[in-house]
Amino acid sequence: MIISSLQPHITHDAASESDRKPIGAIRAGQSVRLGFYDGAAAVLDAELVLSGDGFERRYKMALTSGRWYCDLVPSEEPAALWYCFCLRLEEGEFWLCAAQGGRFGQLQSSRGSSFRLTVYASDFETPAWFRRAVMYQIFPDRFARDSSGTAMRGIEYHRSRGRQVKYHEGWNEPVDWQPNSADGFYFPLDFYGGTLRGIESRLPYLLALGVRVLYLNPIFEACSNHRYGTGDYLKVDPVLGTNEDFEHLCKSAAKLGIRVMLDGVFSHTGADSVYFNRFSRYDSDGAYNAGEKSPYYSWYDFHKWPDEYRCWWNFPDLPEVNENDAVWRDFVISGENSVVKTWLRRGAAGWRLDVADELPDEALALIRRAAKEADPDAVILGEVWEDAVTKTSYGARRKYALGDSLDSVMNYPFRTALLNFLTFRSDSRAIADFLLDQRLNYPPALYFSVMNLISSHDVDRARTALATRLDARSMTREQQAGFIVTDAQDERGAAMQRLAAAVQFTIPGVPSIYYGDETGMNGMLDPFDRAPFTVGRRSLVDWYSTLSELRNENDALSVGAVGFSAPDPDVLTILRCVSGGRDEFGLEAEDGVFLAVINRSAYEKSIVADIWAGHAGLTADEASALRSAGLSRAVCLLSGDSAAVSEGLIRLTLPPESARIYKLT
């Protein structure tokens, strides 16, 4: 009874500056005020309990006007931290901890979950160009051919090295998936012949789509079509073209304002490579065939040379490297002509790092440092599947998001949360809570640069996931190969994908389009999500182009402040704003206020959006600027619909399964 009677009166809101100032992640050495409100005047004494990996500290709290508070510098070093409040009442000791969702406090008789607090490096900055970009991801073998004969020459090159590769004569042939190797597994040796020149020929299409950065899956010589088992880091795979073709692509793209990002696979190499040379297909002293005579021998960990060695997830075709080896570090990262620096000089704008959690934080930091030495505007993006601040691997808390090792991460948690919302596995409050959680806990430099994807080469395509509402991971490859998305399912998937894209393009971060998503391609898991680029039954090219145009033309949609609200279980609203001519990083930006509204329901919805007070994530100054902006009208940039704004309130009637982006004036 004590807890239930006091619960409404003893409160903490991690998204309110009344209880936490500043809200959000803070810089190392920065002070923060943390506190709670005691509306019942029931608390006799209180302590703030701050904890991190391997430590816990307690701080006495002071009382002023019903609020208990504590001013402190949580950490002089970057760290993932947690806090809660220990209260002494007449009835005994109680705890104010984080309720589900992590934002609001919950009074408990015993200690529970804590609120998160991220402390990041004081000098953490990321390239300004990237957080304004629209990304397009290309699986190079499957995007576009050219007529030069490049691909066939590359196929013959691989065959001359003894590789049993297959070439699909027909672009629309189904992807191979059946077992084709002696061990009874499918090995990706089938090629469709996409090339770098083919990608270059499609640059005008990508420009019209609003794309500003291309992320290419691996392009370096390798024996597989996905090229994640690198054969030669310094050479473009001959099926794709030449090093000169890559440089020409980068120059042509740059003329259109498009940059090119490469995929770096540095935690392992291919067994069939210059460096390991297990099959003696290269004229090199590889670690496998030459042993200690090889200049690459120290790269690898042999339990017993030559056949027993450490490999990635126990795949013998992918021997792991020792990232602490000085020879490897010089060749790949730090040397004047290292792999990282060489390709940046050849025109790349940055690196996406494959399986970042397989690389030590120190190695990641060295890669980022080397890249910035070659090009201060280079971006280092990591493949991270979990929360980038709290992620642990190999028994240690990772530092991906804290300002030293990565600029950005792939936002797979966003994909999960968004698809759950649009497939009715969760409601708008859950997605709003998730989006707010990232706003509060990701450092701004990373938060505004995070890669917001809904599809990739490692997950089922968004159209299929939204159309079928199936868990592809529970299906065998044979089941996936035989599954047909019906026309009715595809229609539903297209409607939901429109909404997913609208969210992607209106939240902070870099919206990423996986090639063919915009044309309505379907596909289950690998290799079905890697089919050749085609136009599906319901193309959304115009929709994506419109969203890109809105984002590229309105600063607030990329670098403005953000607030989230869930006025109805089926409706999500996203508020973006810039005031005073400066963005969230203090850089020059055009003022503007925009409200995105997503109705996933099959029914018309009527809501009231509260601009002044209803959107969590805004600071007090940002909310104050909205109140003083004199907003009186909201016009949808997609449909032309309009509504009045009165005292910060907008009454809206939303069509079924619709997205609206209103400009407020």
Side-chain angles (χ1 to χ4, degrees), residues 12-36 46-62 64 67-85 98 102 114-128 131 361-362 364-366 368-369 372 376 380 382 387-392 396-409 437-450 508 559 561 582-587 617-622:
H12 174 78
D13 181 356
S16 170
E17 287 188 327
S18 297
D19 294 332
R20 173 170 163 172
K21 187 174 183 179
I23 63 171
I26 63 174
R27 295 184 183 273
Q30 183 178 356
S31 177
V32 63
R33 171 169 288 195
L34 299 172
F36 63 90
E47 287 183 315
L48 169 72
V49 182
L50 182 74
S51 60
D53 293 323
F55 81 90
E56 179 175 295
R57 293 195 295 266
R58 294 189 174 222
Y59 300 85
K60 295 289 291 183
M61 301 183 72
T64 299
R67 290 194 176 276
W68 290 86
Y69 70 92
C70 178
D71 294 320
L72 72 154
V73 176
S75 178
E76 297 289 347
E77 300 294 332
L81 303 178
W82 287 262
Y83 68 91
C84 59
F85 305 97
S114 294
F115 302 94
R116 291 174 57 186
L117 178 62
T118 303
V119 180
Y120 61 95
S122 59
D123 60 351
F124 185 23
E125 303 292 344
T126 53
R131 50 186 178 250
D361 283 328
E362 183 183 358
L364 292 175
L366 288 174
R368 184 169 183 263
R369 202 169 306 147
K372 304 296 184 182
I380 301 300
D387 184 284
V389 175
T390 60
K391 163 77 175 182
T392 60
R397 182 84 57 194
R398 302 308 300 268
K399 299 179 180 178
Y400 305 130
L402 301 184
D404 189 35
S405 59
L406 296 174
D407 290 316
S408 174
V409 294
D437 182 75
Q438 288 199 329
R439 151 71 179 97
L440 295 178
N441 295 302
Y442 277 16
L446 180 136
Y447 178 56
F448 281 81
S449 299
V450 71
V559 290
R582 298 288 171 180
D583 68 12
E584 288 295 275
F585 300 88
L587 301 176
L618 299 177
T619 67
D621 287 344
E622 290 161 351

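Throughout, numbering of the chain's residues begins at 1 and tracks the sequence. Since the structure is predicted, the reported quantities are computational estimates derived from the model, not experimental observations.
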Does the side-chain contact (heavy atoms from CB on, under 4.5 Å) test come out yes or no for F85 and W68, once each step is laid out?
CA-CA 10 Å; F85 305 97; W68 290 86; over 6 Å; no
For [X] and [Y], indicate whether the former's side chain and the latter's backbone hold a donor-acceptor pair under 3.5 Å.
X    : Y    : value
Y120 : P444 : no
R58  : E47  : no
S408 : S449 : yes
D19  : D13  : yes

Taking all non-hydrogen atoms of both residues into account, name the closest pair between [X] and [Y] and its distance.
X    : Y    : answer
A401 : F124 : O-CE2, 3.6 Å
R116 : V389 : NH2-CB, 3.4 Å
A79  : S75  : CB-OG, 4.4 Å
A28  : S122 : O-CB, 4.0 Å
V409 : L406 : CG1-CD1, 3.8 Å
L117 : G24  : CD1-O, 4.3 Å

With heavy-atom distances below 4.5 Å as the criterion, would you say the side chains of [X] and [Y] are in contact?
X    : Y    : result
P22  : Q30  : yes
R397 : T390 : yes
P74  : L50  : yes

Parallel under 30°, tilted from 30 to 60°, perpendicular over 60°: which one fits the rings of H12 and Y83?
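Answer is perpendicular, since the angle exceeds 60°.
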Salt bridge (charged side-chain N to carboxylate O under 4.0 Å, His left out), that's the test. Do D583 and R131 meet it? Break it down for me.
CA-CA 12 Å; D583 68 12; R131 50 186 178 250; 5.1 Å; no
With rounding to the nearest 0.5 angstrom, report the [atom1] to [atom2] distance, [X] to [Y].
X    : Y    : atom1 : atom2 : answer
R369 : I380 : CZ    : CD1   : 12.0 Å
Y447 : L440 : OH    : CG    : 8.5 Å
L81  : N441 : CG    : CG    : 11.0 Å
K21  : L34  : NZ    : CG    : 13.0 Å
D387 : D437 : CG    : CG    : 6.5 Å

Does atom NZ of K372 have more than 12 heavy-atom neighbours from other groups under 6.0 Å away?
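Result for NZ/K372: enclosed.
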Can R67 and E17 be counted as an ion pair, charged N to O under 4.0 angstrom?
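No.
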Applying side-chain contact (heavy atoms from CB on, under 4.5 Å) to L72 and R57, what does each step give before you reach the verdict?
CA-CA 11 Å; L72 72 154; R57 293 195 295 266; over 6 Å; no
R20 to F115, cation-pi by 6.0 Å centre distance and 45° axis angle:
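Output no; distance or angle outside limits.
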Tell me, please, whether Y69 has R33 positioned over its six-membered ring: NZ or CZ under 6.0 Å from the ring centre and within 45 degrees of its axis?
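Yes.
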May I have the step-by-step check of salt bridge (charged side-chain N to carboxylate O under 4.0 Å, His left out) for D404 and R368, ending in yes or no?
CA-CA 8 Å; D404 189 35; R368 184 169 183 263; 5.1 Å; no
Can you name the residues that form a side chain to side chain contact (heavy atoms under 4.5 Å, CB included) with L402, not counting sequence neighbours?
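With sequence neighbours excluded, L402 shows a side chain to side chain contact (heavy atoms under 4.5 Å, CB included) to P78, T118, K399, given in chain and number order.
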